[in-house]
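Scroll down for the structure; my scribbles are underneath it.
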Amino acid sequence: MNTELLGNALQIILMVVLSYPLGKHIAKVYKGEKNLMDFMAPVEKWIYKLSGIDPSEEMGWKRFLKVFLTLNLFWFIWGFILLVTQKWLPLNPDGNGNQSPHLAFNTIASFIANCNLQDYSGESGLTYFTQVYMVMFFQFASAAVGMAAMAGVLKAIASKSSKTIGNFWYYLVRSVTRILLPLSMMVSLFFILQGMPMTFEGKMHIKTLEGIDQAISQGPVAVIVSIKQLGTNGGGFFGVNSTHPLENPNYLTNLVESISILLIPMAMIFALGFYLKKRKLSFIIFGVMFFAFIVSTSINVHEEMNGNPRITAMGIDQHQGAMEGKEVRLGAAATALWSSATTVTSNGSVNGMHDSLMPLSGAVTLLNMQINAWFGGVGVGFLNYYAFIIIAVFISGMMIGRTPEFLGKKVEAKEMKIATLVVLLHPLLILLGTAISSFMFVHAPAFVAKEGGWLANPGYHGLSEMFYQFTSSAANNGSGFEGLGDNTPFWNYSAGLVILFGRFFPIIGQVAIAGLLAEKKFIPSSAGTLETDTVTFGVMTFAVIFIIAALSFFPAHALSTIAEYLSM
Amino acid sequence: MKSDFFKSLKITLVFCVIFSIFALILWAFAHAFSPNKGQVEIVTLHGKVVGADNVGQAFHKDVYFWGRPSAANYQADASSGSNKGPTNEAYLKDVKGRIDTFLLNHPYLKRSEVPAEMVTASGSGLDPDITPQSAYVQVGRVAKARGMNDEAVKAIVDKQIEKPLLGLFGPPKVNVLKLNVSLDKALRPNGN
């Protein structure tokens, strides 16, 4: 059998096998049960003490959200200041400059939101100081925030009737000390042994074999790449992310990085089962998500290994697949798998250029982000799915004439309204953004020319570039069709705003739903209860998700990716 | 709100300390155990540094094997792919031009033998590798330029092929710089 396909199979098997025990561990961490990482307790105590935090304070959902928002507001200001002053801060051996205010706005919005869209290139747009204290800091912090939100929702779902959903700080700190930090440590050590740079020295200057001068950017790469992959962050050290041979030196590092994309998002679903003691429910949810992942991976692998038909028509040997924008050490199949993994989660790292993907693979990556409820971002992925469950419960209840309930709590108008708003906000942000930008592209050519012309490709594909930018921003994914010249005031501000809306409104809504349901009286299940841990209900949720997402976006796809596919 | 804001500041500073320790541990580990003290791994020829293991470089001379087209011109401080879409006509014209040039430089090849990765730009612009096939098709040119027979050059290529992981997973490849260095070592032992 083809070694590239075998490599893909190995990656997928390892993801699932490793995420199961991790899920068990995560459930214990949030429940406060005895676990492997108990030796971190003194460190945590020290953190609480120095920060003046009482980890035992029980928070209602409103208080929980207030702390969450205040913390993020502080981080926004803090990160912005670091970015616009980085030139003067320490650890800047290459003498890189400050970020412009509009770029800094986009960058910090993107990093606090766990999005990691990058309108700069790491080699020149940041210093080692901001790589560590902005990029890496928020890669831990924003991931932990998403996980804390999910922990709160889990506690809300598990409670029979309760006004509180736990302590935000407690979940946040434990997510870092007991889940993210130990995993990152292991993965980083491995990367270092594989030759990934981990240094604070500046560029290395050499003369090549043919006597040409070459300046090689390096830096503290290994410390960032692990959490970048594990925390569904995706913001790379270098401009081309894990496509760069120093950020992803060989097939083995690629394997570990690729597994790391889905490890925690998958584990969070298993954690739900362990936490609620409803393993069947978690298997059903996992099954729906895994099915979507396998379908999208299969399409992309087929498309990319098949090669570009337009190049096949030139009569050359394309048995390696579509290699534009890809790397020989990884191969077309591994890049296709990654393109699917990074978009079913909200990771957004890449190991090949998505702008050069075949039209159908491009459509699949877009659709994954537009649905944004398969494994998703760490923590928030399940929250998005949760909003769809609420809608599916409601619709199914109406269809078969049963009271809409989820896990013993009645779903009523208020929760339903919030869920609908959350679910519809996503297409609104994406389609409105794409509409405005394409309108301006046509009707304000002078403005667009002043901004550098925006697009790298004409026609349908050019529309896909703008469509992708807003999709990736709203989904907090962070990958891009990088041909788009996006370091301009228009793109920095518009995408930055979409990122913030796409991050904060859904979390507020989802935590509110969980909090509202938690306050309600618990109704023991009876013959009249709609069962939610069945395959039928899984299929129902899948259908609801697919209809809402796929149909809202179909017209835009028809003009971009599908039109390009048909014109090949 | 105000007290939460200060708690936010304090916990941020505390986390900065923890992450600094984390980074320092990794830095020290890299200094002690990584292939080149945490810096980019280097390749030497006759005691002189000629490049980095994992960073591709430009080759134009006939005596060397060539790497893939690069949208970054192999500038290792400005990595970049071409970001060209698959149906972009201007891009497809470029690819056609590259095929013609490749055939001009390797007149013994049939069009159907030109490997696609030699006429399409890599993702990073710094791809250090080519496929074994891409190395074999260049053997004739390199051998002629060096006044060697094809078999001798091919033997060196064979030695430089890196097999898939455990022989099972992923594609085989050849590191272009290492291949060229081993050529220079074997065929120009005095470095002239």
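Naming convention: chains lettered A, B, ... in sequence-line order (proteins, then strands); numbering from 1 in each chain. Heavy-atom basis, side chains included; hydrogens, waters and symmetry copies ignored.
In terms of heavy-atom pairs under 4.5 Å with chain B, the best-connected choice from A/Phe481, A/Phe238, A/Tyr48, A/Tyr133 is A/Tyr133. Here A/Tyr251 is the residue among A/Trp46, A/Trp78, A/Tyr251 with the most heavy-atom pairs under 4.5 Å with chain B. Of the listed residues A/Leu193, A/Leu209, A/Asn351, the one with more heavy-atom pairs under 4.5 angstrom with chain B than any other is A/Leu209. Most heavy-atom pairs under 4.5 Å with chain B: of the set A/Ile53, A/Leu10, A/Val67, this distinction falls to A/Leu10. Annotation: maximal heavy-atom pairing with chain B below 4.5 Å, among A/Gly122, A/Gly331, A/Pro220, A/Ser188, occurs at A/Ser188. With chain B as partner, the option from A/Glu247, A/Gln318, A/Met358, A/Met204 having the largest number of non-hydrogen pairs under 4.5 angstrom is A/Met204.
Under the 3.5 Å distance criterion, the side-chain polar atoms of A/Glu210 are matched with a main-chain donor or acceptor of B/His60. A distance-only check finds no donor-acceptor pair linking the side chain of B/Ser124 to the backbone of A/Pro245 [under 3.5 Å]. Using a distance-only test at 3.5 Å, with no hydrogens or angles considered, a donor-acceptor pair links the side chain of A/Ser356 to the main chain of B/Lys84. Judged purely by atom type and a 3.5 angstrom limit, A/Asn457 uses its side chain to pair as donor or acceptor with the backbone of B/Asn83. For A/Gln214 (side chain) and B/Gly56 (main-chain N/O), a donor-acceptor pair under 3.5 Å exists by modelled atom type. With hydrogens and angles disregarded, no donor-acceptor distance shorter than 3.5 Å links the side chain of B/Glu117 to the backbone of A/Gln320. The backbone N or O of B/Gly170 lies less than 3.5 Å from no partner atom in the side chain of A/Glu4, so there is not a single donor-acceptor pair.
For B/Glu162, no part sits under 4.5 Å from any heavy atom of chain A, backbone or side chain. At a 4.5 Å heavy-atom cutoff, the contact between A/His244 and chain B is made by backbone and side-chain atoms alike. With a threshold of 4.5 angstrom between heavy atoms, A/Phe200 approaches chain B through its backbone and through its side chain. Only the backbone of A/Leu330 comes within contact range of chain B, judged by heavy atoms closer than 4.5 Å. Of the atoms belonging to B/Glu41, it is side-chain heavy atoms, and not backbone ones, that fall under 4.5 Å from chain A. Interface remark: B/Leu26 contributes backbone and side-chain atoms alike to the contact with chain A (heavy atom separation under 4.5 Å). Heavy atoms closer than 4.5 Å to chain B are found in the side chain of A/Ile206, but not in its backbone. Heavy atoms of B/His31 lying under 4.5 Å from chain A are absent altogether. Only the side chain of A/Ile77 comes within less than 4.5 Å of a heavy atom in chain B; its backbone stays farther off. With a 4.5 angstrom heavy-atom cutoff, A/Ser124 does not touch chain B via any of its atoms. Neither the backbone nor the side chain of B/Asp53 comes within contact range of chain A, judged by heavy atoms closer than 4.5 Å. Looking at B/Ile11, the atoms closer than 4.5 Å to chain A (heavy atoms on both sides) sit in the backbone and in the side chain alike. Both the backbone and the side chain of B/Val181 have a heavy atom closer than 4.5 Å to some heavy atom of chain A. Looking at A/Ala334, neither its backbone nor its side chain comes within 4.5 Å of chain B, counting heavy atoms on both sides. Residue B/Ala71: no heavy atom, backbone or side chain, is found under 4.5 Å from chain A. Both the backbone and the side chain of A/Pro359 come within less than 4.5 Å of a heavy atom in chain B. For B/Ser20, the parts lying near chain A are the backbone and the side chain together; criterion is any non-hydrogen pair under 4.5 Å. Residue B/Leu166: no heavy atom, backbone or side chain, is found under 4.5 Å from chain A. Only the side chain of A/Val176 comes within contact range of chain B, with at least one heavy atom under 4.5 Å from a heavy atom of that chain. For a residue to count as touching a neighbouring chain, one of its non-hydrogen atoms must lie under 4.5 Å from one of that chain's; by this rule A/Ile212 touches chain B with the side chain only. Contacts between A/Ile224 and chain B at a heavy-atom distance below 4.5 Å are absent for every atom of the residue. Both the backbone and the side chain of A/Ser184 have a heavy atom closer than 4.5 Å to some heavy atom of chain B.
A/Trp75 and B/Thr12 are linked by a side-chain donor-acceptor pair at a separation below 3.5 angstrom, with hydrogens and angles left out of the test. Side chains of A/Glu123 and B/Ser79: a donor on one and an acceptor on the other come within 3.5 Å.
Of all the heavy atoms in B/Pro86 and A/Met568, the pair that sits closest is CB-CE, 4.1 Å. Nearest heavy-atom pair across B/Ser8 and A/Trp169 is OG-CH2, 3.9 Å. Across every non-hydrogen atom of A/Glu324 and B/Tyr91, the tightest pair is OE1-OH, 2.7 Å. B/Pro35 approaches A/Ile192 most closely through the heavy-atom pair CD-O, 3.7 Å. Taking both residues in full, the closest heavy atoms of B/Arg68 and A/Val328 are given as CD-CG2, 3.6 Å, listed atom of the first, atom of the second, then distance. For the pair B/Pro128 and A/Arg329, the tightest heavy-atom approach, listed with the atom from each and the gap, is CD-NH1, 4.0 Å.
Counting heavy atoms from C-beta on, the side chains of B/Phe5 and A/Thr70 come closer than 4.5 Å. Between A/Ile47 and B/Phe15 the shortest side-chain heavy-atom distance falls below 4.5 Å. In this structure, A/Leu181 and B/Phe22 have side chains that are in contact, with non-hydrogen atoms separated by less than 4.5 Å. With contacts defined as side-chain heavy-atom distances shorter than 4.5 Å, the pair A/Met314/B/Leu92 qualifies. B/Val40 has its side chain within reach of A/Leu246: a pair of non-hydrogen atoms, C-beta onward, lies under 4.5 Å apart. Contact of the A/Ile311 side chain with the B/Thr120 side chain is registered, since non-hydrogen atoms from C-beta on lie closer than 4.5 Å. Between B/Asn36 and A/Thr199, every side-chain heavy-atom pair lies at or beyond the 4.5 Å cut-off.
Residue A/Lys203 places its NZ atom among more than 12 non-hydrogen atoms of other residues, nucleotides or ligands, all under 6.0 Å distant. Within 6.0 Å of atom CZ in B/Phe33, 12 or fewer heavy atoms from other residues, nucleotides or ligands are found, so the atom counts as exposed in its surroundings. No more than 12 heavy atoms of other residues, nucleotides or ligands shown are found within 6.0 angstrom of OH on A/Tyr460.
The existence of a salt bridge linking B/Glu89 and A/Arg310 is confirmed by a sub-4.0 Å separation between a basic side-chain nitrogen and an acidic carboxylate oxygen. A salt bridge links A/Arg63 with B/Asp4: at least one charged nitrogen is closer than 4.0 Å to a carboxylate oxygen.
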For this session: Check the pair B/Ile25, A/Met185 against side-chain contact (heavy atoms from CB on, under 4.5 Å), reporting the backbone distance first and the verdict last.
Result: CA-CA 9 Å; B/Ile25 292 174; A/Met185 179 68 99; 4.0 Å; yes

Problem set entry | Audit row: A/Thr3, B/Leu168, side-chain contact (heavy atoms from CB on, under 4.5 Å) steps and yes/no | CA-CA 5 Å; A/Thr3 52; B/Leu168 285 174; 5.5 Å; no

Problem set entry | CA sep, side-chain torsions, deciding dist, call: B/Thr87, A/Glu564, side-chain hydrogen bond (donor to acceptor under 3.5 Å, both in side chains) | CA-CA 7 Å; B/Thr87 58; A/Glu564 188 184 13; 2.8 Å; yes

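Taking the six-membered ring for Trp and the full ring otherwise, the centers of B/Phe19 and A/Phe140 sit less than 6.0 Å from each other.
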